Amino acid sequence: MEGHSVRLDILAEDSSHKIYNIEIQRQDRGNLPLRSRYYSSMIDTTLLKKNEDYNKLVPTYVIFFTEKDIFGDGRPLKHYVMRDLESNDLLGDERHILFINGDNKNEGTALGKLVHDFKCKSADNMYYNVLAKRVRYFKEEGGGVSDMCKILEDMRNEVAREVEQRVTQEVTKKVSKDTAILTTIENFREFGIEEAAIEEKIISKFELSREAAKEYMLGKSA
């Protein structure tokens, strides 16, 4: 899509076709309410094909699992939906934003048990068998360890490819700009425009500093 891109931690669909985006937030950075809004909108853009009816949109849940109590009110879960400020009536757009407080230590509730398991280092100490089984597989069993090594290797390779692509794009962009500036200078000179005037023109046209413009005037890339 146009604009800022995102990489979602987990994007899942259940048997009733509801969509869930789950984000594990270890660091207190960025504006999470605004991020949740953006993530929700990005998910919606993928749900409809051209000319499809809006009734095709399914309920979506953006869930941030935060390590700290980012709102400072001690509540284990905050669940936001669109409501009318006057009557408190639901809008009915079926968009949900949830924040799970990772500081919740009440293990007497289902959510408290989940928070405990998310922070638990040993599968033997977990409440939920599904999580314990997967943690045991990936951290303790041979096959899972091999899988994780492969996943991490693939992730490193993907990051390396992305970095290489960005560097290539930046280099291409820089070369194109250099060529444009040097060609502009050459053309101005062919028309007999004075050097000082050319320098002013390229500073204005290409938003260059005085020092960079002088380098280009000498035939060098700044």
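Starting from 1, each residue takes its place in the sequence as its number. The shown structure was predicted, so the numbers you read here are calculated from the model rather than taken from an experiment.
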In this structure, are over 12 heavy atoms from other groups packed under 6.0 Å from Glu13 atom CD?
-> yes

Please lay out, stage by stage, how Glu195 and Arg189 fare under the test side chain to side chain contact (heavy atoms under 4.5 Å, CB included).
-> CA-CA 8 Å; Glu195 294 292 294; Arg189 282 172 175 164; 2.8 Å; yes

Backbone of Ala180 reached by a side-chain donor or acceptor of Thr183 within 3.5 Å = no

Minimum heavy-atom separation for [X] and [Y], please, with both atom names.
X	Y	result
Ala213	Leu208	CA-CD1, 4.2 Å
Asn106	Asn104	N-OD1, 3.1 Å
Asn88	Arg83	O-NH1, 3.0 Å
Glu23	Asp9	OE2-N, 2.9 Å
His79	Val81	NE2-CG1, 3.9 Å
Gly74	Asp69	N-OD2, 2.8 Å

[X]: which residues meet the salt bridge (Lys or Arg N to Asp or Glu O under 4.0 Å) condition with it, sequence neighbours left out?
X	answer
Asp93	Arg95
Glu158	Arg7
Asp73	Lys78

Who else is in the cluster with Val115 when I, L, V, M, F, W and Y are joined by side-chain contacts under 4.5 Å?
-> Ile10, Tyr20, Ile22, Ile24, Tyr61, Ile63, Phe65, Leu77, Leu98, Ile100, Leu111, Leu114, Phe118, Met126, Tyr127, Tyr128, Leu131, Val135

Could you walk me through whether Asp53 and Asn55 pass the side chain to side chain donor-acceptor pair (under 3.5 Å) test, one step at a time?
-> CA-CA 5 Å; Asp53 191 273; Asn55 287 320; 2.8 Å; yes

Charged N-O contact under 4.0 Å between Glu94 and Lys18 | no

With the threshold set at 4.0 Å, does a side-chain nitrogen-carboxylate oxygen contact exist between Lys177 and Glu207?
-> no

Side-chain contact test, heavy atoms from C-beta onward, threshold under 4.5 Å: evaluate it for [X] versus [Y] and give yes or no.
X	Y	result
Ser40	Thr60	yes
Lys49	Lys56	no
Arg35	Gln25	yes
Tyr80	His96	no

Taking atom types as modelled and ignoring hydrogens, do the side chains of Asp84 and Ser87 form a donor-acceptor contact shorter than 3.5 angstrom?
-> yes

Hey, could you give me the [atom1]/[atom2] distance between [X] and [Y], rounded to the nearest 0.5 Å?
X	Y	atom1	atom2	result
Met217	Arg210	CE	CZ	10.5 Å
Leu11	Tyr39	CG	OH	12.0 Å
Ile43	Leu57	CD1	CG	11.5 Å
Tyr54	Leu47	OH	CG	12.5 Å
Ser36	Asn21	OG	CG	9.5 Å
Ile202	Lys214	CD1	NZ	10.0 Å

Any chance you could lay out the side chain to side chain contact (heavy atoms under 4.5 Å, CB included) test for Glu186 and Thr184, step after step, and finish with the verdict?
-> CA-CA 5 Å; Glu186 182 180 346; Thr184 300; over 6 Å; no

Output, in order, the C-alpha distance, side-chain angles, deciding distance and verdict of side chain to side chain contact (heavy atoms under 4.5 Å, CB included) for Ile97 and Phe99.
-> CA-CA 7 Å; Ile97 308 292; Phe99 296 90; 3.6 Å; yes

Check ring pair (Phe, Tyr, Trp, His ring centres under 6.0 Å) between Phe206 and all other residues, then give those that pass, not counting sequence neighbours.
-> none

Might you work through the side chain to side chain contact (heavy atoms under 4.5 Å, CB included) test for Leu90 and Met82, ending with a clear yes or no?
-> CA-CA 6 Å; Leu90 284 171; Met82 291 286 286; over 6 Å; no

Shared ILVMFWY cluster between Ile203 and Ile181, side chains joined below 4.5 angstrom?
-> no

So which pairs with a foot in residues 107-132 pass salt bridge (Lys or Arg N to Asp or Glu O under 4.0 Å), sequence neighbours left out?
-> Asp124-Arg136

